[in-house]
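Values below: every heavy atom of this structure, side chains too, minus hydrogens, waters and symmetry copies. As the structure is a prediction and not an experimental result, all values here were calculated from the model.
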Amino acid sequence: MRRTIALCAVAAVAVLAGACATRGTSAVRTAGMPGQLEPIHAAAFTRDLAVFWVSSNGCTSKADVKPFITRLRDSAVITLRRVDEDRCADPRAEGVQLQWTFEELGIAPGSEVTVNNPYMMRPDGKPQDAS
């Protein structure tokens, strides 16, 4: 419930701030990137903040997942790669929240952003953040 409220709040701010985010439809090559492509539970963007929910066995931190930015004509594609495995034994069903400012990512505020990661699906086949 708290995650849903947080997603709604972030989405509302994104609409008001003019940020634009779309689901990755372009094929960005990930060959040569370190780590593993990280499936995500959810993603939200404001004018200058990228927020992701990723799987965790209880020890995942921002240092374990690295964002790679690919620039396209008028947008930036974010690809999250897990560079350090979470070996803890306390799985978090809804994942953990990780966030980066656009400044940290080297993206101009208000830029159009696309996510290149697959979304994790619930057992009923819907994305994790769908109701």
S.K.: Determine whether Asp90 and Asn57 satisfy the following criterion, side-chain contact (heavy atoms from CB on, under 4.5 Å), listing intermediate values before the conclusion.
M.R.: CA-CA 5 Å; Asp90 184 20; Asn57 286 329; over 6 Å; no
S.K.: Using distance alone, with no hydrogens and no angle criterion, decide if Asp86 and Ser56 have a side-chain donor and acceptor under 3.5 Å apart.
M.R.: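 The answer is yes; a qualifying pair exists.
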S.K.: Decide yes or no on side-chain contact (heavy atoms from CB on, under 4.5 Å) for Val115 and Phe45, but give the supporting numbers first.
M.R.: CA-CA 10 Å; Val115 178; Phe45 303 91; 3.5 Å; yes
S.K.: Can you name the nearest heavy-atom pair linking Pro109 to Phe102, along with the distance?
M.R.: CA-CD2, 4.1 Å
S.K.: Evaluate Thr101 against Leu49 for side-chain contact (heavy atoms from CB on, under 4.5 Å), listing each step before the verdict.
M.R.: CA-CA 4 Å; Thr101 65; Leu49 185 68; 4.2 Å; yes
S.K.: Are side-chain heavy atoms of Leu37 and Asn117 found at a separation under 4.5 Å?
M.R.: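 Of all side-chain heavy-atom pairs linking Asn117 with Leu37, at least one is under 4.5 Å.
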S.K.: Do you know which two heavy atoms are closest between Asp74 and Glu112, and how far apart they sit?
M.R.: O-CB, 3.9 Å
S.K.: Taking the side chain from Ser75 and the backbone from Leu72, do they hold a donor-acceptor pair closer than 3.5 Å?
M.R.: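 Checked: no pair found.
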S.K.: Do Gln97 and Lys62 have side chains that approach each other closer than 4.5 Å (heavy atoms only, starting at C-beta)?
M.R.: no
S.K.: Counting only heavy atoms not in Glu103, do more than 12 sit closer than 6.0 Å to its CD atom?
M.R.: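 Open.
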S.K.: Within a strict 4.5 Å, meaning less than it, do heavy atoms of the Pro34 and Phe68 side chains meet?
M.R.: yes
S.K.: Give a yes or no on whether Leu98 and Tyr119 share a hydrophobic cluster (residues Ile, Leu, Val, Met, Phe, Trp, Tyr; joining criterion: side-chain heavy atoms under 4.5 Å apart).
M.R.: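 Yes, same cluster.
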S.K.: Could you grab the distance from atom CZ of Arg81 to atom CD of Gln36, nearest 0.5 Å is fine?
M.R.: 6.5 Å
S.K.: Would a 4.5 Å heavy-atom cut-off, applied to side chains only, mark Arg87 and Cys59 as touching?
M.R.: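 Arg87 vs Cys59: side chains apart.
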S.K.: Which residue is it: Arg92, Glu38, Arg82? I am looking for the one with a side-chain hydrogen bond (donor to acceptor under 3.5 Å, both in side chains) to Thr60.
M.R.: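 One option only clears the test, and that one is Arg82.
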S.K.: Between CE of Met33 and CG of Asn116, what distance do you get to the nearest 0.5 Å?
M.R.: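 Here the rounded value is 7.0 Å.
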S.K.: Does the side-chain contact (heavy atoms from CB on, under 4.5 Å) test come out yes or no for Val113 and Ile78, once each step is laid out?
M.R.: CA-CA 7 Å; Val113 178; Ile78 300 174; 3.5 Å; yes
S.K.: Would you compute the distance between atom CG of Asp48 and atom CD of Glu104 and round it to the nearest 0.5 angstrom?
M.R.: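 So the gap between those two atoms works out to 10.5 Å.
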S.K.: Looking at every non-hydrogen atom in both residues, tell me the closest pair between Ile69 and Arg71 and how far apart they are.
M.R.: CG2-NH1, 3.7 Å
S.K.: Is the closest side-chain heavy-atom distance between Leu80 and Val54 below 4.5 Å?
M.R.: yes
